[in-house]
Student: 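The structure under discussion is supplied below as structure tokens; questions concerning it will follow.
The basis for the numbers below is simple: all heavy atoms, side chains too, and nothing from hydrogens, waters or symmetry mates. Both ligands and their constituent atoms are indexed starting at 1 by order of listing.
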Amino acid sequence: MRSPVEPRTSIPLYDAHNHLQDERFSGQQGAIIAAARDENIRRMVVNGSSEADWPEVLDLAHRYPQVIPSFGYHPWYIRDRTEGWEQSLIRFLEQIPSGLGEIGLDKWIKNHDLPQQEKVFQRQLEIAAQRDLPVSIHCLQAWGRLLEILQTGPRPRCGFLLHSFGGPRELIEPLAELGAYFSLPGYFAQERKARQRETFRHVPRDRLLIETDAPDQSLPPARVRYSLAPAPDGKPINHPANLTSVYQFAAELLHEPVQGLAAQVEKNFQRLFGGIASRDNPVSEQTQK
Ligand SMILES: [Zn+2]
């Protein structure tokens, strides 16, 4: 369902991070992509999180030109990995131009096994560095280790995304020096996320990206324009076409006209993810003359 608000920008929008393959969307992806097209969403980076969902991510990329696929082992699911997970990951990466993610470190979840997480994370960084693929990183409460690993180990030259960046403000500069981009989710418009909002005011404009993280990280209800029936557990399901509202939130937060912000985000997205878009389906239609 769509509320009667006019699209606010003629510049195409880019979702730096979502999970269109998530089972909470199952069967609805075609309608979701149609809504995204109405909202002028040109590209979305769709992140796999384990061997179980990589085939679905690949399938969506074949079906919809908006989808930039990304394959990786999320730290929450590394216990599920098979002996052949690395070969399998490489096979997916070689089948289609793609990013590597969602990968990362997480000390927030219960019973985390940080040494195992680090091992899997570092191996995936290595694979990305060898192929110079943009990496999408999840990090919760492990910022010190993340910085150390990125400073000392291999990392892709093209850069990496810190999705839903909620780290300390002091780390923006050293991370940016290593090639970081920082994406803002609509969830940070929730009232209690004041610290994260303040942090985002310090992100260099040429490293800023916008994301939905759909089906997670919903906007506050007043900003939601597209809704889906809630999950059986009652949790809201974030619709990827709400990206327009996340841009609007970002523009308000940074005191910038949404049009100018969208133009900057387009350049940033192109710089980080443009290299893996296929030539007959480039990320941006704005060609250099
Ligand atoms: Zn995610």
Student: Below 30° counts as parallel, above 60° as perpendicular, anything between as tilted: where do the rings of Phe71 and Phe92 land?
Tutor: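 Ring orientation of Phe71 relative to Phe92: tilted.
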Student: Please report the C-alpha distance between Trp108 and Trp76 in whole Å, then the side-chain angles of each, then the deciding distance to 0.1 Å, and finally whether the side-chain contact (heavy atoms from CB on, under 4.5 Å) criterion is met.
Tutor: CA-CA 10 Å; Trp108 169 79; Trp76 291 355; 3.8 Å; yes
Student: Keeping to distances under 2.8 Å, can you name the protein N/O/S atoms close to the Zn ion (ligand 1)?
Tutor: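 Checking every protein N, O and S atom gives His17 NE2, His19 NE2, Glu102 OE1, Asp213 OD1.
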Student: Do any pairs count as a salt bridge (charged side-chain N to carboxylate O under 4.0 Å, His left out) and have a residue in residues 57-67, sequence neighbours left out, and if so which ones?
Tutor: Asp59-Arg63
Student: Tyr73 vs Trp54 aromatic rings, parallel, tilted or perpendicular, using cut-offs 30° and 60°?
Tutor: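 Rings of Tyr73 and Trp54: perpendicular, over 60°.
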Student: Mind checking what makes side-chain hydrogen bond (donor to acceptor under 3.5 Å, both in side chains) contact with His138, not counting sequence neighbours?
Tutor: His74, Glu102, Asp106
Student: Not counting sequence neighbours, which residues clear side-chain hydrogen bond (donor to acceptor under 3.5 Å, both in side chains) with Tyr187? List them please.
Tutor: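 Testing Tyr187 for side-chain hydrogen bond (donor to acceptor under 3.5 Å, both in side chains), a comparison that skips the adjacent residues, returns Arg192.
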